[in-house]
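Okay, so here's the structure we're looking at.
The sequence lines fix the lettering, A, B, ..., with proteins before strands; numbering per chain opens at 1.
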2 protein chains.
Amino acid sequence: MATINEIAKMAKVSRTTVSRFLNNSGYVSEDVRKRIEKVIEETGYIPSQYAKSLRTKQTKVIGVILPTIRTETSSRLVAGMDEILAASGYQILLANTNLNKEKEMEYMDLLKSRQVDGIILAATNVSDALVNKISQLVIPCVAIGQEIDGISNVLYDDYHVARALTSLFISKGHQHIGFIGVAESDRSVGLLRKKGYLDEMEKSDFAVEPAWLQKGIFDIDSGYTAMKNIMETSNQKPTAVFAVTDRLAIGAMKYLKEHNYNIPDDVAIAGIGASEVSMHLDPSLTTVDYQNEKAGKEAAILILDQIKKENKAIKKLTLTYRLLERGSV
Amino acid sequence: MATINEIAKMAKVSRTTVSRFLNNSGYVSEDVRKRIEKVIEETGYIPSQYAKSLRTKQTKVIGVILPTIRTETSSRLVAGMDEILAASGYQILLANTNLNKEKEMEYMDLLKSRQVDGIILAATNVSDALVNKISQLVIPCVAIGQEIDGISNVLYDDYHVARALTSLFISKGHQHIGFIGVAESDRSVGLLRKKGYLDEMEKSDFAVEPAWLQKGIFDIDSGYTAMKNIMETSNQKPTAVFAVTDRLAIGAMKYLKEHNYNIPDDVAIAGIGASEVSMHLDPSLTTVDYQNEKAGKEAAILILDQIKKENKAIKKLTLTYRLLERGSV
DNA sequence: TCTTAATGTGTAATCGATTCCACATTGCGA
DNA sequence: TCGCAATGTGGAATCGATTACACATTAAGA
């Protein structure tokens, strides 16, 4: 692969001039410009980003740390980010932790060594060690979905969403409402959504039977199992069940259908996530659109802001949500 | 951020020795080793990949060009690749074309300028210009899902899958079989799957009514519309419909259910893709598991092979598929 | 005791770009 | 005609690492 030196030699100018030509900085006469253009055309020369980055300390790369890339949520997030970042000439370097905390730490270092211009962190459970690492990070960093002190955040309104959904059930006359959650170590999905549900129940003075509180692990099967547990172990069967993700809700619906419960007459169901199929299920699933793409975009905008303007002001952005009331309630 | 020079100074050795320490190359006495270790520990020094890459011509980055990152197929592919690549210390640099051909070309250059060690291309429609560009590429390159001459490929057996599904319908006694495809500019999904269907129909001497042949655009809604067209414009309504993707099939099922057709008694349905929900639909959708993750893994293995061994042998790998016969047929 | 090999460490060139200077040329007003 | 600004080009240091080579020290074998 050709280098700037060879181009310079071939065009009979100094590499300084070639550099000026490439970056449109400083004066280059029309004559010389044409010569360089021609040589570059002929050789198909492409400047090395690495050499460039070494000097300029700019890589035009944003590191994105994800807990997984298999979910719709993740793809949407990345799609949103990419839309904004690509427009400014940035690319995404992927770091997939597979929910492994050590990897999270490892990747922070790796991204640092690759001198990414910024890091977007979509973490699910935030360890102290990680927070610590981030706080002493010089690279701009934005977190999505979990509140982390000291850096900018794009947040979902998990607590109020949970309250809103529970409240929706209550407004429809339900008093016995079940809950399918996930591990509370996941602050946003596990803890806050549960708290929202519990608080809303308490506000209406509705008791919550322990058997109504089940946990899944983010997939359809565990939603099925959770629903099974609810229906088969509770004294009083609930007439509505709130699942903290669409997948869990889908699993729950599957159980209900298999056991000839009518949705929503016997048991109403709601999820969170607005997955693509949610609208096309039978009945269509009531859910909440978190606007992940928007979250991705906002995070990208925040990070670019920080990079460009040296705008170190920390921003906490809480996104709005859209409750999609559909056939399942 | 500290550099190797500062570390060297602080540890009172030359930067050469520090480098040897870092890379475990050459001799470093226990005494010196400890001093360096200590300094690195204290400063939190992390070597710059850029400087390193500039010298070594190795970036440990694989560029991945995707038509979109919103689909399950894409996420699975990337997940598969990442699993293999991460294990060898490689990271993924994302290049999302959004189905834009010019972007495809642009990204090839961009990845080249970033000197990625290899490129994995998941293209849907391959322009001549692109093939041309690839052929004169010095960087190892692997294509997934579309056959491109001159480089290694990981292929799905689109043609035979289509024949197998059509044949399945026929074996169940169906003679009137509809088809929901996509644009044929997409060779694999559009052209080959259609050809497989048509050939199998012809083999059994079953006529195909033009109205049975509909096109969608990869989403649920267009599957719905396509099914609507089939049922509302054909003279003889088909008793089975083969959709080339699960999403199209889901849309088709939705139409059928809404219009009180029983699946599979009135109309049988099959898709391709083995999307996560396919199993949990009602009835569960007959589909074909393309093993995208495996495809991603294989592509990653191929690329690493080429990088490591300078093994320039071109390999064409056609993956096996699993036909998942379920309730919808 | 002297060679020779093994063990440690440092010097300096190098990778491919950017950028601060210095220097050369030209044109224009005084 | 001179001086100065505008225009155009090149020299050389620099970014942060790797690596060939030279050199110094030590240990082992004859």
How is V13(B) classified with respect to the nucleic acid when contacts are heavy atoms under 4.0 Å: base, sugar-phosphate, or nothing? sugar-phosphate
Going by an N to O cut-off under 4.0 Å, is there a salt bridge joining D117(A) and K57(A)? no
Specify the separation, in whole Å, of atom CG of N24(A) and atom C1' of dA17(C). 17 Å
Rounded to whole Å, how long is the line connecting atom OH of Y50(A) with atom P of dT18(C)? 16 Å
Of K52(A) and E30(B), whose nearest nucleotide on DNA chain C comes first from the 5' end? E30(B)
Polar side-chain contact R20(A)-dG10(D) base: donor and acceptor under 3.5 Å: yes
At 4.0 Å (heavy atoms only), tell me whether S29(B) reaches a base, stays on the sugar-phosphate, or touches nothing. sugar-phosphate
Does L54(B) or S25(B) map to a spot on DNA chain D nearer the 5' end, using the closest nucleotide for each? L54(B)
Rounded distance in Å - NZ (K34(B)) to P (dG8(C)): 13 Å
For A51(B) and T16(B), find the nucleotide of DNA chain D closest to each by heavy atoms; which residue's nucleotide sits nearer the 5' end? A51(B)
First encountered from the 5' end of DNA chain C, between T17(A) and T17(B): T17(B)
dG16(D) C1' sits how many Å from L22(B) CG, rounded? 12 Å
Sidechain N-carboxylate O distance under 4.0 Å for K297(A), E293(A): no
For Q291(B) and T320(B), indicate whether the former's side chain and the latter's backbone hold a donor-acceptor pair under 3.5 Å. yes
Any donor-acceptor pair under 3.5 Å from N153(B) side chain to L155(B) backbone: no
Does dG8(D) have OP1 or OP2 under 4.0 Å away from a side-chain N or O of Y27(A)? no
Indicate, with a heavy-atom threshold strictly under 4.0 Å, whether N5(A) touches base, sugar-phosphate, or nothing. nothing
Counting only side-chain heavy atoms from C-beta out, which of dG10(D), dG10(C), dG16(D) sits nearest to S14(A)? dG10(D)
I'd like to know if T56(A) reaches the base of dA17(C) with its side chain, counting only an N/O donor and acceptor under 3.5 Å. no
Would you classify Y45(B) as touching base, sugar-phosphate or nothing, given that sugar-phosphate means primed atoms plus P, OP1 and OP2, and contacts are heavy atoms under 4.0 Å? sugar-phosphate
State whether K57(A) places a side-chain N or O below 4.0 Å from either non-bridging phosphate oxygen (OP1 or OP2) of dT18(C). no
Which part of the nucleic acid, if any, lies within contact of S48(B), taking any heavy atom under 4.0 Å across all strands shown: a base, the sugar-phosphate backbone alone, or nothing? sugar-phosphate
Nearest to the side chain of R55(B), heavy atoms from C-beta on, is which of dA20(D), dT9(D), dA13(C)? dA13(C)
Atom-pair distance (CD1 on I7(A); C1' on dG16(C)), nearest Å: 12 Å
So that I can tick it off, tell me whether K133(A) and E104(A) are bridged by a salt bridge, with the cut-off set at under 4.0 angstrom between side-chain N and carboxylate O. no
For the pair made of CD in Q58(B) and P in dG16(C), what is the distance, rounded to whole Å? 15 Å
With distance as the sole test, does T56(B) use its side chain to make a donor-acceptor pair with the main-chain N or O of K52(B) at under 3.5 Å? yes
Closest approach to the side chain of T3(A), judged atom by atom: which nucleotide of dG10(D), dG16(C), dT18(D) is it? dG16(C)
